[in-house]
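What follows is a set of notes on a single structure, which appears directly below.
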Number of protein chains: 2
Amino acid sequence: MYTIKDVAEKMELSEHTLRFWAKSGFFPFVKRNANNIRMFSENDLEWVKIVKCLRAVGTENKAIKRYIDLCIVGDSTIAERYSIIQETKARALKQQEELTKQLAMLEYKENFYKNLIKNNLKDTWNPMNKPTLEDEAV
Amino acid sequence: MYTIKDVAEKMELSEHTLRFWAKSGFFPFVKRNANNIRMFSENDLEWVKIVKCLRAVGTENKAIKRYIDLCIVGDSTIAERYSIIQETKARALKQQEELTKQLAMLEYKENFYKNLIKNNLKDTWNPMNKPTLEDEAV
DNA sequence: GCTTGCCTTAGAGCTGCTATCAAATAGTAA
DNA sequence: TTACTATTTGATAGCAGCTCTAAGGCAAGC
């Protein structure tokens, strides 16, 4: 059994965030001990994990709550849960694509500056240097 | 030359966001026409692009402003700009890693539900089904 | 000259934390 | 026993980054 602090460390989240999530109804089964302290079971950690996963790909808290509630209802909601996961995955894939694009741009700029420094050149595009791979626009 | 609306469409950003960014000092060279309307040049679009890139990888607006200001100062700031881009790229790579992990989890859950549906099975883990690849905990 | 449409600014509202606070409890040390 | 420290609690305030609304300006078309 884990306290909030333990979970925070284990899952690399802040205690604040965990309390906020708990208040948002994301951990419906976390029990309290005799002193009203939340005690997370191993199973509760799995809830934390899935919530963290959904948040990490930008799922709104309202939608996370919806998913949790569907889990609680039981087997009749499996189809909806499946489609939620599918949509979430699709969004995550888009994010990955987007991130790859931005990384290409950052790499381009990194090389641009590296070259300026290495050859002791001026930034002839000052105040804005050429920032994209393809554009040659003024 | 482009109005806010044109830029919003072209860059897939909201007009609100562009005005907010403009107010934050991210587009210092955007000129107004006789009717006080912002007119973005091709060069201004490049600024929008780099700001969008930095935001997309989670750079704080304060830090973006800093970068813009460095660009304006000129060649003496190339070294600092270079290291900003390097750090940004490092963060983006971490995000990419994280995203890949979360995608693995989502794929696992997708298959889990798919299997339940295909074989008309019960979710024996209800209310929380087995969510991770490696954990066999309780 | 009236409507439509796009622009403007100011400012309120929203989401998702993040930080601060006081109070309760438990453990340790003198 | 008392004091001090550490941890947890809930309530609440504050913050970043949008997002939306309201009120008004200007230009073109009918």
Side-chain angles (χ1 to χ4, degrees), chain A residues 1-41 44-45 47-68 88 91-92 95 98 102, chain B residues 1-41 44-45 47-48 50-68 88 91 95 98 102:
Chain A
M1 303 293 260
Y2 307 92
T3 64
I4 280 259
K5 195 184 184 185
D6 297 333
V7 178
E9 268 169 37
K10 226 175 151 69
M11 308 297 285
E12 297 184 283
L13 294 162
S14 81
E15 296 180 40
H16 288 309
T17 298
L18 284 168
R19 289 210 181 85
F20 177 75
W21 286 358
K23 208 171 151 190
S24 305
F26 292 175
F27 313 133
F29 299 128
V30 172
K31 298 283 186 297
R32 310 289 187 116
N33 72 7
N35 292 315
N36 196 36
I37 308 291
R38 289 184 193 84
M39 299 305 294
F40 288 72
S41 67
D44 293 326
L45 285 189
W47 287 79
V48 177
K49 216 174 276 184
I50 181 66
V51 169
K52 190 186 172 187
C53 173
L54 293 173
R55 270 312 295 144
V57 299
T59 309
E60 285 177 14
N61 285 2
K62 196 167 46 179
I64 294 178
K65 182 62 165 58
R66 169 86 184 143
Y67 177 80
I68 301 277
T88 306
R91 269 192 300 109
Q95 284 173 42
E98 180 64 21
Q102 307 302 1
Chain B
M1 302 293 259
Y2 307 92
T3 63
I4 280 260
K5 195 185 184 186
D6 298 333
V7 178
E9 267 170 38
K10 226 175 151 71
M11 308 297 285
E12 297 184 282
L13 293 162
S14 81
E15 296 179 41
H16 289 309
T17 298
L18 284 168
R19 289 211 183 84
F20 178 75
W21 286 358
K23 211 169 147 188
S24 305
F26 292 175
F27 313 132
F29 299 129
V30 172
K31 297 284 187 297
R32 309 290 188 115
N33 71 9
N35 293 314
N36 196 35
I37 309 290
R38 287 184 193 85
M39 299 306 294
F40 288 72
S41 68
D44 293 328
L45 284 188
W47 287 81
V48 177
I50 181 67
V51 169
K52 190 187 172 188
C53 174
L54 293 174
R55 270 312 295 144
V57 299
T59 310
E60 286 177 15
N61 286 1
K62 198 167 43 180
I64 293 178
K65 182 61 165 61
R66 169 86 183 143
Y67 178 79
I68 302 275
T88 306
R91 271 193 298 108
Q95 285 173 42
E98 179 65 20
Q102 306 302 1

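So you know, we letter chains A, B, ... as the sequences are listed, proteins then strands, and number each from 1.
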* **Reported NZ-to-CD distance for the pair A:Lys49 and B:Gln102, which is rounded to 0.5 angstrom** => 10.5 Å
* Heavy atoms from other residues, nucleotides or ligands near CZ of A:Arg66 exceed 12 (cutoff 6.0 Å) -> no
* Sequence neighbours excluded, which residues qualify as salt bridge (Lys or Arg N to Asp or Glu O under 4.0 Å) partners of B:Glu98? -> none
* Structure fact -> Footprint ends on DNA chain D, 5' to 3', for atoms under 4.0 angstrom from a heavy atom of chain A, come out as D:dT7 to D:dT12
* Using a 4.0 Å heavy-atom cut-off across all strands, classify A:Ser14 as base, sugar-phosphate, or nothing. => nothing
* Check the distance between C:dG5's C1' and B:Lys5's NZ and give it to me in whole angstrom. => 8 Å
* To do: Give, ordered by number, those residues of residues 52-65 of chain B having at least one heavy-atom distance below 4.0 Å to an atom of DNA chain C; if nothing qualifies, reply none.
  => none
* Asked: Can you tell me how far CZ of B:Arg19 sits from CZ of B:Arg38, rounded to the nearest 0.5 angstrom?
  -> 6.5 Å
* Between atom OH of A:Tyr67 and atom CD1 of A:Ile50, what is the distance when rounded to the nearest 0.5 Å? -> 5.0 Å
* Taking OP1 and OP2 of C:dT8, is either one under 4.0 Å from a side-chain nitrogen or oxygen of B:Asn35? -> no
* Partners passing ring pair (Phe, Tyr, Trp, His ring centres under 6.0 Å) against B:Tyr2 (at least two apart in sequence or in another chain) -> none
* To do: Dump the intermediate steps for side chain to side chain contact (heavy atoms under 4.5 Å, CB included) on A:Asp6 and A:Thr3, then the final yes or no.
  => CA-CA 5 Å; A:Asp6 297 333; A:Thr3 64; 3.2 Å; yes
* Structure fact -> For A:Asp44 and A:Met39 the tightest heavy-atom approach is OD2-O, 3.8 Å
* Structure fact -> To the nearest 0.5 Å, atom NZ of B:Lys5 lies from atom NZ of B:Lys10 at 15.0 Å
* Distance, rounded to the nearest Å, where B:Met39 contributes CE and C:dC7 contributes C1' -> 11 Å
* Can you tell me how far P of C:dC17 sits from CE of A:Met11, to the nearest Å? -> 14 Å
* To do: Check DNA chain D against residues 16-24 of chain B and give the residues with a non-hydrogen atom under 4.0 Å, in numerical order.
  => B:His16, B:Thr17, B:Phe20, B:Trp21
* To do: State, yes or no, whether a side-chain contact exists between B:Phe26 and B:Val48 at a heavy-atom distance under 4.5 Å.
  => no
* To do: Go through the structure and list residues passing side-chain hydrogen bond (donor to acceptor under 3.5 Å, both in side chains) with B:Ser24, not counting sequence neighbours.
  => none
